[in-house]
Colleague: 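Before anything else, here's the structure in question.
Throughout, protein chains are lettered first and strands after them, A, B, ... in sequence-line order, and every chain is numbered starting at 1. Note that this is a predicted model, so its numbers are computed, not measured.
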Protein chains: 2
Amino acid sequence: MHRPLLDYICQYSKSFLTIEEEEMITKAFRPKKMRKRQYLLQEGNVSKYTGFIIKGAMRQYYIDEKGLEHVVYLFIENYWATDRESFYNLTPSIYNIEASENTELLIITRAELVELMKKIPALVEMIRVMDDRNAIAMQKRISANISNTAEERYEEFIKNYPHFAQRFPQHQIASFLGIAKETLSRIKRKPSR
Amino acid sequence: MHRPLLDYICQYSKSFLTIEEEEMITKAFRPKKMRKRQYLLQEGNVSKYTGFIIKGAMRQYYIDEKGLEHVVYLFIENYWATDRESFYNLTPSIYNIEASENTELLIITRAELVELMKKIPALVEMIRVMDDRNAIAMQKRISANISNTAEERYEEFIKNYPHFAQRFPQHQIASFLGIAKETLSRIKRKPSR
DNA sequence: GTCGACCGTTGATTTTTGTCGACGGTTTTT
DNA sequence: AAAAACCGTCGACAAAAATCAACGGTCGAC
């Protein structure tokens, strides 16, 4: 079941892994099965693991002072789920990461990951490339948030992430886009052009 | 004039630089002086350089289809100015990076940076740490954008970046926060608590 | 099979924010 | 020194989106 992860590393590092490296990775990333509604991370805890999603879907959200949920990330296969700040600093997180479907993950702790990075250059390179792509994606999301209307943001979301709309309930997508669920419902109803 | 950069690398990589490393860095990062209103990057061009700001201030923005300017980043001393996507992929950028004051930079090309990273581990480590901090900062900005009102976003901005309010005109800060300049003017007028 | 959560939808209304036009005070340019 | 550009502010109004309340459908738990 580690194949998707190994492929992923090769793809993004643009290099090959030796058999020994593959074995080290397979040993370090432990499989974890989660049922729908289980938490990979709960508010107040340290984000102990980074999880690579093999099969399933998750969402990351926080609860504000008024008790309202705000979705900050949606994850499906081949995404990395963790609260980066908490995972790196080992500080308590304000976020929850919850399985939206029954989900299979490969998980690793910070200490294990640091060790593995010392031994496997391709992993370091993969992480660097992911950081870059992630920074670019976040920049685009910020651009959309500061300059587009709710409708434009939704259309862009559907265009860029067509699979997500089928996997997550509509009110969570609305939250992810920063709009009320009723507003999203009305946007979808009205004939776009 | 390279001292701030060398200090910066030591600080974030948590390691020391040898004399030889310092010399390599000093040779690779070239000083560039820019007058207010000059461009480090213009829309349509490749973001050829990454610039480390020694003295001064810059802003990164783009012009939308309606001809309106949207500020996506504000930079002051000890910030890195570049369009990451364009710099990394060598593709044309949609952004402009303009000096808001007379500014002194240290600039480096992608090819030079790649070479330098092969020779200086502390530089690689510094970039990794910066990527982390940057990802965390962007995540917070996204959280604020999807869940806070204009007034809350402004207060958070003032709290987290107190120096910026003095360095940039108010309408640029409004744009950065994703609100109309008139709205920001009204927020400031009204007695906050 | 029934009950209760969850989910999406709709209408009515309120709140927030944007747009437009105008004005006076600076600063910059010529 | 005059002209032009820039900047923040304000009022009136329009548009966008949030909020509140209610309803019917689906699905899972018991």
Colleague: Whole Å only: how far is the CD1 atom of B/I187 from the P atom of C/dT15?
Modeller: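 So the two atoms are 17 Å apart, to the nearest Å.
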
Colleague: Quickly work out the B/L177 CG to C/dT16 P distance and round it to whole Å.
Modeller: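 In whole Å, C/dT16 P and B/L177 CG are 18 Å from each other.
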
Colleague: Could you check whether B/R133 makes a cation-pi contact with B/Y12, meaning its NZ or CZ is under 6.0 Å from the centre of the six-membered ring and within 45° of the ring axis?
Modeller: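 No, cation not above the ring by the 6.0 Å, 45° rule.
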
Colleague: Can you tell which of C/dC7, D/dT19, C/dG18 lies closest to the side chain of A/P169?
Modeller: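 From the listed options, C/dC7 comes nearest.
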
Colleague: Would you say the side-chain atoms of A/E98 and A/Y61 include a donor-acceptor pair closer than 3.5 Å?
Modeller: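 Result is yes, a qualifying pair exists.
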
Colleague: Rounded to whole angstrom units, what separation is found between the CD atom of A/E182 and the C1' atom of C/dC7?
Modeller: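 Computing the A/E182:CD to C/dC7:C1' distance gives 11 Å.
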
Colleague: Rounded to the nearest 0.5 Å, how far apart are OG1 of B/T109 and NZ of B/K48?
Modeller: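 Those atoms lie 7.5 Å apart.
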
Colleague: Write down the distance between CD (B/Q172) and P (D/dC7), rounded to a whole number of angstrom.
Modeller: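 It works out to 7 Å between those atoms.
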
Colleague: Between A/Q170 and C/dT9, is there a side-chain N or O to OP1/OP2 distance below 4.0 Å?
Modeller: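 Indeed, a polar side-chain atom of A/Q170 lies that close.
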
Colleague: Please state whether the rings of A/F176 and A/F157 are parallel, tilted or perpendicular, taking 30° and 60° as the class boundaries.
Modeller: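 Rings of A/F176 and A/F157: tilted, as their planes differ by 30° to 60°.
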
Colleague: How many Å lie between CD1 on A/I173 and C1' on C/dG8, as a whole number?
Modeller: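 Atom-to-atom, A/I173 to C/dG8, this comes out as 12 Å.
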
Colleague: What's the closest nucleotide to the side chain of B/R37 if the choices are D/dC6, D/dC10, C/dT17?
Modeller: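 Nearest nucleotide to the side chain: D/dC6.
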
Colleague: Could you check how far OH of B/Y154 sits from P of D/dG8, rounded to whole Å?
Modeller: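 So the two atoms are 11 Å apart, to the nearest Å.
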
Colleague: Let me know the distance between CD of A/E152 and C1' of D/dA16, rounded to the nearest Å.
Modeller: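 So the CD-C1' distance, A/E152 to D/dA16, works out to 12 Å.
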
Colleague: Run through A/F164, A/Y161, A/Y73 and flag the one making a ring pair (Phe, Tyr, Trp, His ring centres under 6.0 Å) with A/Y79.
Modeller: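 The ring pair (Phe, Tyr, Trp, His ring centres under 6.0 Å) with A/Y79 is passed solely by A/F164 among A/F164, A/Y161, A/Y73.
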
Colleague: With nearest nucleotides of DNA chain C determined for B/N148 and B/K36 from heavy-atom distances, which residue corresponds to the more 5′ nucleotide?
Modeller: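 With B/N148 and B/K36 compared, the 5'-side residue is B/N148.
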
Colleague: Over all strands shown, is A/I179 touching base, sugar-phosphate only, or nothing at heavy-atom distances under 4.0 angstrom?
Modeller: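 Sugar-phosphate contact only.
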
Colleague: Go through D/dG11, C/dT17, D/dA17 for me and flag the one nearest to the B/R186 side chain.
Modeller: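 Ranking D/dG11, C/dT17, D/dA17 by closest atom to the B/R186 side chain puts D/dG11 first.
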
Colleague: From D/dA17, D/dT9, C/dT10, pick the nucleotide closest to the side chain of A/R189?
Modeller: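 Selected nucleotide (nearest to the side chain): C/dT10.
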
Colleague: Are A/S47 and A/D83 close enough that a side-chain donor and a side-chain acceptor fall under 3.5 Å?
Modeller: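 Checked: A/S47/A/D83 side chains show no N/O donor-acceptor pair below 3.5 Å.
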
Colleague: For atom CZ of B/R3, is the number of surrounding heavy atoms from other residues, nucleotides or ligands below 6.0 Å larger than 12?
Modeller: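 It does: B/R3 CZ has more than 12 such atoms within range.
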
Colleague: Which heavy atom of A/H70 sits nearest a heavy atom of A/S175, and at what distance?
Modeller: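 For A/H70 versus A/S175, the nearest heavy atoms are CA-OG, 3.4 Å.
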
Colleague: Check each residue of residues 57-75 of chain B for a non-hydrogen atom within less than 4.0 Å of any atom in DNA chain C, then write out the ones that pass by number, or none.
Modeller: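 Nothing qualifies; none.
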
Colleague: Do any side-chain nitrogens or oxygens of B/H171 fall under 4.0 Å of OP1 or OP2 in D/dG8?
Modeller: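 Checking D/dG8 against B/H171, a side-chain N or O does come within under 4.0 Å of OP1 or OP2.
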
Colleague: Let me see the working for A/F29 and A/F52 under ring-ring contact (aromatic ring centres under 6.0 Å, His included), right down to the final yes or no.
Modeller: CA-CA 9 Å; A/F29 281 89; A/F52 180 80; 7.7 Å; no

Colleague: A/K181 has an atom NZ; how far is it from atom P of D/dC20, in whole Å?
Modeller: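 From A/K181 NZ to D/dC20 P: 11 Å.
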
Colleague: Of B/G178 and A/T183, whose closest DNA chain C nucleotide lies nearer the 5' terminus?
Modeller: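 Nearest nucleotide further toward 5': that of A/T183.
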
Colleague: With a 6.0 Å cut-off (strictly less than), is the heavy-atom count around CZ of B/R37, excluding the residue itself, greater than 12?
Modeller: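 Open: at most 12 neighbouring heavy atoms sit under 6.0 Å from CZ of B/R37.
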
Colleague: From C/dT17, C/dT10, D/dA17, pick the nucleotide closest to the side chain of A/T149?
Modeller: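 The answer is D/dA17, which lies nearest to the side chain.
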
Colleague: OP1 or OP2 of C/dG8 versus the side-chain N and O atoms of A/S185: is any pair under 4.0 Å?
Modeller: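 So the side chain of A/S185 is outside the cut-off, no N or O lying under 4.0 Å from OP1 or OP2 of C/dG8.
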
Colleague: Just report the end-to-end axis angle for the helix from C/dG1-D/dC30 to C/dT30-D/dA1, five pairs per end, to 10 degrees.
Modeller: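 That helix gives 50° between its end axes.
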
